[in-house]
Amino acid sequence: MTVEHPEAAAPAPADFIRDIVAQHVAEKRYAKIVTRFPPEPNGYLHIGHAKSICLNFGIARENHGQCNLRMDDTNPTKEEIEYVRSITADVQWLIAGWADDCLGFKTSGAAGEPYFASDYFGPLYDFAVSLVQKGQAYVCDLSPKYTEAYRGAPDRPGRDSPFRTRSVAENLDLFARMKAGEFPDGARSLRAKIDMASPNMWLRDPLLYRIRHAAHHHTGDAWCIYPLYDFAHCLSDYLEGITHSICTLEFVDHRPLYDWILESLALPRALPHQYEFAKLNLGYTIVSKRKLLQLVQEKVVQGWDDPRMPTIAGLRRRGVPAAALRQFAYNIGVTKFDSLTDVAVLEHAIREQLNQTAQRRLGVLKPIKLVLTNLPADEAVMCQATNNPQDEAPTLRPVALTREVYIEADDFAEVPPPKFFRLKPGGEVRLKYACIIKCDEVIKDATGRIIELRGTADLTTRTGGPNVDRKVKGTIHWVSATRCIEAEVRLYDRLFTAAEPDADGEFLKHVNPRSLEVVTAKLEPALREAQPDGRYQFERLGYFTLDAKDSQAGRLVFNRTISLKDTWAKAPAPK
RNA sequence: UGCCCGAUGGUGUAAUGGUAGCACAAACGACUCUGACUCGUUUUGUCUAGGUUCGACUCCUAGUCGGGCAGCCA
């Protein structure tokens, strides 16, 4: 059958991070390469995460290593179990058949369960105590407001907290009482003792623990103090034996802190190291969990998995194959340059994948009836249609040509523009897989609207017929009017009208009002058997897939994944 | 006016001191029972100024421009 050819044939990807890993492999620095993908379960994963997943799992895959999916769940007030579920499903879908054998699972707990930073709250607390004992962390009584004031500014040093010089014994006592729940939220915090005058803001005695009397989705009421990202992340990496901790550019400033914490603890095993790359920016797309949440909350879209959303769930529902997303990630590369990727790169990867794999079908989105007056009303001419011309040995299926057919309204023009080689009055066109037909008559209603076309079929031009080789300029798609099914078809367009929707900070103002058009289409009956994970090319139109969520037996709903490239539509011809 | 990161055709990305290449996009052409696919051709690039060197996209210095950093978010 069809292969995922670009992936199989392409050389292994190379980028500055993989270069570093390759060097470490060459010098045998680690027994095994272990990476991790650490989303916070506070939203759905999007295409930017897909880039990171492909990087982290790709490195594991290329080096016979492992990549851990880890919920970075240290903030109970923002995280939900629903997101844990969706993230797990999305990651597994994206890597299935590609890197699923590199996915690390925690050894305890339910089978197939991802890692949780919150599973390390115990060890993390012990590490914090250890830091206090070394005199490198202290309990600070400054309120959030004063903590901020004492921190200074990027161009102005901060001032030492008055609690910075507390004794180890007092710090130990206070930290234990924080854990015991003796103080309200925000009353105290645990801070690293580094340097309030550092030019790096993240080294000005950053907070390690804050008090939060809140239930956690994974640990319940076990804790009322929660570690912050910087403390939890490096140590979670260490605990899991991560070798390369890959994150995005905004964490570059945090790297000295990442190293400081690990080095301060004088840990026995090899330490993980952090490497940073530029996150994805995509034209006409929002790639920010916070803003995507806004689209959901304000009902601009119908949910996180709305097919217009750049979420992995949305793209999947739209019909984008996982392999296309992987190909896209491969094509855009990994650098430290903050770039804006053209959506055309994504669209190309989708079309390339779908062209290889999608079954061809006939469907008419905006039908106009054509009566072939020389055909009998009660008989069908059986024709053979190719399922996928890209296959090495393409298979066929029958389609019925009948006296009444539907053709696409766009494929007829009473007054054709120049170079229009579709149907026009008195003109000829081939009905794909059937025969050449001629338009004899245009029927209009009282208002002048075209309601029907009449023509004749030249059956001698059928496949196997004596005049099969007769050429006409145009070939159009069609379905039998008496042997077709109806289905709802959702035609999606880009969600935003601006290449950089949030360039002015008002992305909601650039939502495309025509991002969704719903039509009732006429489809060939074979589509009745469409499968939820099936990919179909409606010939000359685009790629479609069944909407797994809204389709029911007898009431099918198709989503347009992407249209075919259309150089005719782009031409500046008057229409 | 502090620290950090970056800059190669329209876009993205290679070249790690030795021929500036690839992909996308665009334009044109061939083919076509999908105006698709495929194939062919073409256009366009090393931020600036110095320096090192036989030789600089690459190394050094200064500048310019862009991005990040002042959550008890991650």
Side-chain angles (χ1 to χ4, degrees), chain A residues 14-16 19 38-40 42 72-75 77-79 140 142-144 147-149 151-158 185-191 198-204 206-212 226 228-230 232-233 247-256 276 278 283 289-290 330-349 351-352 355-356 360 362 385-386 389-390 419-422 429-436 461 463 468-469 471-477 537-542 563-571:
Chain A
D15 52 65
F16 77 99
D19 288 347
E40 183 188 12
N42 66 344
D72 208 354
D73 54 351
T74 55
N75 186 353
T77 59
K78 288 191 176 177
E79 296 149 7
C140 180
L142 250 24
S143 70
T147 305
E148 187 187 335
R151 187 151 36 225
D155 57 350
R156 174 166 43 85
D185 290 4
R188 288 182 223 263
S189 63
L190 185 74
R191 293 232 254 165
S198 171
N200 182 337
M201 297 297 291
W202 292 101
L203 260 23
R204 318 242 271 220
L207 269 75
L208 268 20
Y209 269 88
R210 81 282 227 187
I211 299 171
R212 273 267 210 292
Y226 292 93
L228 278 107
Y229 165 85
D230 288 292
H233 204 90
C247 61
T248 48
L249 250 25
E250 63 266 35
F251 293 101
V252 169
D253 291 338
H254 296 235
R255 193 184 339 126
E276 311 88 8
K289 256 196 270 185
R290 209 196 85 242
Y330 176 92
N331 288 346
I332 59 175
V334 178
T335 67
K336 303 179 80 160
F337 178 58
D338 186 20
S339 59
L340 177 64
T341 298
D342 193 332
V343 261
V345 179
L346 205 217
E347 294 173 345
H348 175 262
R351 289 195 181 102
E352 186 174 53
N355 180 46
Q356 290 301 317
R360 311 290 122 123
L362 294 174
T386 305
Q390 303 290 325
K419 295 222 182 137
F420 183 84
F421 35 89
R422 276 112 96 141
V429 81
R430 179 175 281 281
L431 296 187
K432 181 139 179 145
Y433 303 125
C435 64
I436 294 172
T461 59
T463 306
V468 65
D469 290 330
K471 303 291 182 200
V472 287
K473 194 62 182 166
T475 298
I476 63 172
H477 57 277
Q537 183 198 100
F538 294 179
E539 297 222 29
R540 299 210 311 131
L541 294 172
S563 65
L564 250 31
K565 261 173 61 172
D566 189 350
T567 45
W568 167 248
K570 263 195 300 197

Please work out if [X] contacts a base, only the sugar-phosphate, or nothing of the nucleic acid, heavy-atom cut-off 4.0 Å.
{"X": "A/Y226", "result": "nothing"}
{"X": "A/A344", "result": "sugar-phosphate"}
{"X": "A/K289", "result": "nothing"}
{"X": "A/E539", "result": "base"}
{"X": "A/R212", "result": "sugar-phosphate"}
{"X": "A/Y209", "result": "nothing"}
{"X": "A/L142", "result": "base"}
{"X": "A/G333", "result": "nothing"}
{"X": "A/F337", "result": "sugar-phosphate"}
{"X": "A/D19", "result": "base"}
{"X": "A/Q537", "result": "base"}
{"X": "A/H477", "result": "nothing"}
{"X": "A/N331", "result": "nothing"}
{"X": "A/N355", "result": "sugar-phosphate"}

Worksheet item: What's the spacing between A/R191 CZ and A/L207 CG if we round to 0.5 Å?
Response: 6.0 Å

Could you work out the separation of [N] and [M] based on their [atom1] atoms and round it to a whole Å?
{"N": "B/G10", "M": "B/U44", "atom1": "P", "answer": "10 Å"}
{"N": "B/U11", "M": "B/C69", "atom1": "P", "answer": "24 Å"}
{"N": "B/G21", "M": "B/U8", "atom1": "C1'", "answer": "11 Å"}
{"N": "B/A14", "M": "B/G45", "atom1": "C1'", "answer": "13 Å"}
{"N": "B/U41", "M": "B/C22", "atom1": "P", "answer": "11 Å"}

Item to complete: Identify whether the glycosidic angle of B/G21 places it syn (within 90° of 0) or anti.
Response: anti

Discussion item. Restricting to side-chain contact (heavy atoms from CB on, under 4.5 Å), what partner residues turn up for A/N200, sequence neighbours left out?
Written reply: A/S198, A/W202, A/L203, A/D253, A/P256

Discussion item. The criterion is side-chain contact (heavy atoms from CB on, under 4.5 Å); which residues satisfy it with A/A149, sequence neighbours excluded?
Written reply: none

[X] side chain near [Y] side chain, heavy-atom distance below 4.5 Å:
{"X": "A/N42", "Y": "A/K289", "answer": "yes"}
{"X": "A/L431", "Y": "A/I476", "answer": "yes"}
{"X": "A/Y433", "Y": "A/E539", "answer": "yes"}

Item to complete: Compare every heavy atom of A/W568 with every heavy atom of A/K419, then report the nearest pair and how far apart it is.
Response: O-CZ3, 3.5 Å

Discussion item. By the side chain to side chain donor-acceptor pair (under 3.5 Å) test, which pairs, at least two apart or in different chains, include something from residues 334-348 of chain A?
Written reply: A/N281-A/D338

Fill in: Span of RNA chain B, from the first to the last nucleotide whose atoms fall under 4.0 Å of chain A heavy atoms
B/U1 to B/A74

Worksheet item: Is the A/Y229 ring parallel, tilted or perpendicular to the A/H254 ring (thresholds 30°, 60°)?
Response: perpendicular

Fill in: Partner set under side-chain hydrogen bond (donor to acceptor under 3.5 Å, both in side chains) for A/N75, not counting sequence neighbours
A/T77

Discussion item. Both A/S143 and A/R540 contact RNA chain B. Which one's nearest nucleotide lies toward the 5' end?
Written reply: A/R540

Discussion item. Stem list for RNA chain B, please, built from Watson-Crick and G-U wobble pairs under 3.5 Å and keeping only runs of at least 3.
Written reply: B:2-7 with B:64-69, B:10-13 with B:21-24, B:26-30 with B:38-42, B:47-51 with B:59-63

